[in-house]
Amino acid sequence: MSTEARERARSTRTAERDGWPDLPGDTALTIRVPEANPLVRAGFPAHVTVLYPFLNESRFTATTRADLADVFAAHAPFTLTFGEFRRYPGVLYLPPAPDTPVRALTRALTTRWPEAVPYRGIFTPPLDPHLTVANHEGPATYEAAYDALETTLAPALPVVSHVDTVHLIVTDGPGEGWRDLTTYRLGTGGPGATGAL
């Protein structure tokens with residue numbers, strides 16, 4: 001195992017053990033993949049994270065909302081295909097192909113808001129774009145459990161999803177779940193937000 005792989009495994013175990021340090025008002029920008037919901041065993045809807053955490057909800061202004069709409073309007077809709085399983089220690093996931101549109105969105109957001117560090121800097125480098133299928137198994141059981149789960153779910157692949165929106169979601173803190181704030185449209189060439197903040 002390379003040094004980078006060992007470090008990523010250690011970071012993943014630490015995050016899994018300690019839990020994500022969700023704070024009240026934390027926001028995230030996500031791509032929903034409803035086509036993959038039947039595959040997900042992780043206790044939340046199928047999605048690909050574009051940026052977590054983003055800005056705390058208390059920092060949102062009319063300018064923030066307009067800037068977000070502009071960022072997303074500058075990126076065309078795209079299609080993602082999820083055709084294979086991969087793993088982080090304790091996590092079974094599907095990588096999107098291509099992942100370049102997701103990376104481009106993350107890069108645009110972190111360029112505009114450099115204080116929004118992906119995953120709070122827990123992972124160096126940040127995690128690749130992914131759709132979590134399962135994350136409930138511990139280090140002693142995840143390999144065998146995910147081997148079996150892959151065998152069960154493989155006939156449902158590939159999953160193909162057209163992406164034309166990004167969702168801004170917020171949490172009230174650990175264990176409180178996430179709720180929608182706003183949906184931003186991609187490639188509108190103008191203001192693209194729907195919903196209210």
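This chain uses plain numbering: 1 for the first residue, then up along the sequence. Since we're looking at a predicted model, the values are computed, not measured.
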For [X] and [Y], work out which heavy atoms get closest and say how close.
{"X": "G121", "Y": "V117", "answer": "N-CG1, 3.5 Å"}
{"X": "E84", "Y": "P95", "answer": "O-CD, 3.1 Å"}
{"X": "H130", "Y": "Y119", "answer": "CE1-OH, 3.5 Å"}
{"X": "L29", "Y": "F54", "answer": "CD1-CG, 3.8 Å"}
{"X": "P34", "Y": "P38", "answer": "O-CD, 4.0 Å"}
{"X": "E150", "Y": "L92", "answer": "OE2-CD1, 3.4 Å"}

**Study point:** R59 with E115: basic N within carboxylate O range, under 4.0 Å
**Key:**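 A salt bridge links R59 with E115.
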Residue pair [X] / [Y], side-chain heavy-atom distance below 4.5 Å:
{"X": "P77", "Y": "H162", "answer": "yes"}
{"X": "F82", "Y": "V133", "answer": "no"}
{"X": "R103", "Y": "D128", "answer": "yes"}
{"X": "N135", "Y": "Y93", "answer": "no"}
{"X": "L157", "Y": "L94", "answer": "yes"}
{"X": "F78", "Y": "T100", "answer": "no"}
{"X": "L105", "Y": "L186", "answer": "yes"}
{"X": "D172", "Y": "R179", "answer": "yes"}

When rounded to the nearest 0.5 angstrom, what is the spacing between [atom1] in [X] and [atom2] in [Y]?
{"X": "R65", "Y": "L168", "atom1": "CZ", "atom2": "CG", "answer": "10.0 Å"}
{"X": "H167", "Y": "T182", "atom1": "NE2", "atom2": "OG1", "answer": "11.0 Å"}
{"X": "D164", "Y": "T79", "atom1": "CG", "atom2": "OG1", "answer": "9.5 Å"}
{"X": "T27", "Y": "L51", "atom1": "OG1", "atom2": "CG", "answer": "8.0 Å"}
{"X": "I169", "Y": "Y52", "atom1": "CD1", "atom2": "OH", "answer": "10.0 Å"}
{"X": "F85", "Y": "L153", "atom1": "CZ", "atom2": "CG", "answer": "4.5 Å"}

Exercise for review: Classify the ring geometry between Y184 and F72 as parallel (under 30°), tilted (30 to 60°) or perpendicular (over 60°).
Suggested key: tilted
**Study point:** CA sep, side-chain torsions, deciding dist, call: L131, V40, side-chain contact (heavy atoms from CB on, under 4.5 Å)
**Key:** CA-CA 9 Å; L131 187 158; V40 173; 3.9 Å; yes
Taking [X] for its side chain and [Y] for its backbone only, find out whether a donor-acceptor pair lies under 3.5 Å.
{"X": "N56", "Y": "P24", "value": "yes"}
{"X": "T106", "Y": "V50", "value": "yes"}
{"X": "T171", "Y": "G173", "value": "yes"}
{"X": "Y146", "Y": "E137", "value": "yes"}
{"X": "T64", "Y": "T61", "value": "yes"}
{"X": "S161", "Y": "L80", "value": "no"}
{"X": "N37", "Y": "A46", "value": "yes"}
{"X": "R41", "Y": "L39", "value": "yes"}

Point to revise | side-chain contact (heavy atoms from CB on, under 4.5 Å) between L68 and F60, intermediate numbers included | key: CA-CA 10 Å; L68 273 170; F60 276 80; 3.7 Å; yes
